[in-house]
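Following: one structure in structure tokens, then a few remarks.
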Number of protein chains: 2
Amino acid sequence: MARANTTKRAILDAALELAATKGITGTTMDEVAELAGVAKGSLYYNFSSKDQLFEAMLQEGVGSLADSLRTAKGELRGWPAIEALVRQLLDRIAANAPLAKLMASEIFRTDRAWQQTLFALRHEALAVFEAAIDETEVPAGRAGIMASSVFGAVLLAGLEWLVFEPERSRDEVAAGILATLNTSAPIE
Amino acid sequence: MARANTTKRAILDAALELAATKGITGTTMDEVAELAGVAKGSLYYNFSSKDQLFEAMLQEGVGSLADSLRTAKGELRGWPAIEALVRQLLDRIAANAPLAKLMASEIFRTDRAWQQTLFALRHEALAVFEAAIDETEVPAGRAGIMASSVFGAVLLAGLEWLVFEPERSRDEVAAGILATLNTSAPIE
DNA sequence: GTCTATAATACGATAGAC
DNA sequence: GTCTATCGTATTATAGAC
């Protein structure tokens with residue numbers, strides 16, 4: 001059982017790393033087994049299928065992301081909460097770039113075996129942003145769109161940073177994203 | 001030759017539609033041939049490989065997106081330009097949801113045969129936003145991050161709308177995104 | 001230019017020894 | 001619990017007729 005848990009861990013880690021660059025469909029079970037340092041038979045001892053392996057991986061990753069956002073918001077309300085959430089999401093993207101890449105590529109796929117699971121987790125993460133936005137003075141029914149906008153801004157800017165401009169500092173990127181949320185339309 | 005062009009068109013359209021839901025790797029040449037209404041041999045007569053077919057498809061789609069952004073900016077400067085670009089990008093996402101989905105899933109992949117091509121086109125599109133942002137009063141070196149943020153906000157909010165809440169109106173979504181860019185931090 | 005038929009390989013999954 | 005060996009099928013690509 002202890003042995004099974006470390007094997008499971010190695011398999012999940014290998015699966016995430018490979019899928020981040022090759023995509024889930026482009027990652028083969030042979031490759032996962034090789035990178036994890038186990039035989040392919042062990043993959044199927046621990047997970048019933050390729051789909052179930054990747055569903056478990058996404059559930060663990062996105063679930064823990066949603067948890068960390070709830071924790072980061074804590075008792076904060078309104079704009080300070082938004083600011084804390086943006087920084088926390090950016091930190092999590094930096095700490096787990098493979099998961100962030102995978103989220104960007106899987107979140108709008110509607111043909112996956114794990115569609116329901118991923119939808120629920122995505123909704124959990126967005127709900128934290130939505131709650132914070134709702135605490136500012138915002139017209140009714142608009143917080144959902146704004147939550148997606150903020151999440152999208154952080155996700156794309158964060159990945160752009162990690163993938164194409166890794167020489168920048170984290171604070172620089174956070175400041176740029178937060179500045180985007182304060183772009184002011186001129187008063188006419 | 002005329003016949004070849006209509007065949008090419010049918011193949012490219014079928015490839016885009018399939019890849020939007022199944023991903024590029026998950027789309028087979030047999031499926032493309034069937035949806036396009038041609039035999040598989042015709043795919044290989046018009047394109048030298050699966051990779052080259054999808055590179056051509058992305059080049060056409062993302063290239064025309066970048067062109068339309070340049071046109072939308074026109075002679076506008078600063079905030080009015082940003083507003084026009086946000087609306088134009090949202091319109092293009094709505095008019096070509098399959099391409100938008102594909103962009104979200106392919107833009108951070110670094111193992112693709114067409115990586116260079118896609119990188120250049122992505123850069124072209126972001127440059128239009130960056131120019132508009134640079135025309136507002138923004139600290140030096142920050143416009144690049146802000147351009148990614150705005151692009152990400154529109155892309156994710158737009159896809160969220162089309163995939164999960166299609167009952168909303170386009171103006172409602174545009175207003176929500178623009179409001180996100182004007183979220184004000186309280187003055188303390 | 002377009003078709004059908006087929007070659008060559010890659011991949012998910014399973015069986016059975018240890 | 002983990003391994004090796006293998007089965008069956010799906011997939012890219014090509015050959016050759018029309």
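Everything numeric here is computed off the predicted structure, so don't read it as measured data. Basis for what follows: all heavy atoms, side chains included, without hydrogens, waters or symmetry-related copies. In what follows, chains carry the letters A, B, and so on, assigned in the order in which the sequence lines appear, proteins first and then strands, with residues in each chain numbered from 1.
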Same cluster (ILVMFWY, side-chain, under 4.5 Å), L58(A) and V163(B): yes

Side chain S48(B), main chain Y44(B), donor-acceptor under 3.5 Å: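 A pair under 3.5 Å: no.
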
E106(B) side chain vs M103(B) backbone, donor-acceptor pair below 3.5 Å: no

Where E160(A) and S148(B) come nearest, the two heavy atoms and their spacing: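 For E160(A) and S148(B), the tightest heavy-atom pair comes out as CG-OG, 3.3 Å.
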
Side-chain N or O of [X] less than 4.0 angstrom from OP1 or OP2 on [N]?
{"X": "S42(B)", "N": "dC3(C)", "result": "yes"}
{"X": "Y45(A)", "N": "dT2(D)", "result": "no"}
{"X": "T7(A)", "N": "dT2(D)", "result": "yes"}

Rounded to whole angstrom units, what separation is found between the [atom1] atom of [X] and the [atom2] atom of [N]?
{"X": "E34(A)", "N": "dT4(D)", "atom1": "CD", "atom2": "P", "result": "12 Å"}
{"X": "L43(B)", "N": "dT2(C)", "atom1": "CG", "atom2": "P", "result": "11 Å"}
{"X": "Q52(A)", "N": "dG12(C)", "atom1": "CD", "atom2": "P", "result": "15 Å"}
{"X": "I24(B)", "N": "dT12(D)", "atom1": "CD1", "atom2": "P", "result": "12 Å"}
{"X": "E31(A)", "N": "dC11(C)", "atom1": "CD", "atom2": "P", "result": "7 Å"}
{"X": "N46(B)", "N": "dT2(C)", "atom1": "CG", "atom2": "P", "result": "6 Å"}

Sugar-phosphate or base contact per nucleotide [nucleotides 13-18 of chain C; S, B, -; heavy atom under 4.0 Å]: BB----

F164(B) six-ring centre to R122(A) NZ/CZ under 6.0 Å and within 45° of normal: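 Yes; both conditions hold, so R122(A) lies above the ring face of F164(B).
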
Geometric cation-pi criterion K8(A) and Y45(A), 6.0 Å radius, 45° cone: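 Cation-pi check for K8(A) and Y45(A): fails.
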
Strand contacts (DNA chain C) in residues 15-23 of chain B, 4.0 angstrom heavy-atom criterion: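 Residues of residues 15-23 of chain B under 4.0 Å from DNA chain C: none.
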
Touch class at under 4.0 angstrom, heavy-atom based, for T27(B) against every strand present: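 Contact class for T27(B): sugar-phosphate only.
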
V150(A) vs T180(B), side chain to side chain contact (heavy atoms under 4.5 Å, CB included): CA-CA, chis, key distance, verdict: CA-CA 7 Å; V150(A) 176; T180(B) 308; 3.5 Å; yes

Ring centers of F47(B), F54(B) separated by less than 6.0 Å: no

Derivation of the side chain to side chain contact (heavy atoms under 4.5 Å, CB included) call for I24(A) and W114(A): CA-CA 12 Å; I24(A) 293 178; W114(A) 53 76; 3.7 Å; yes

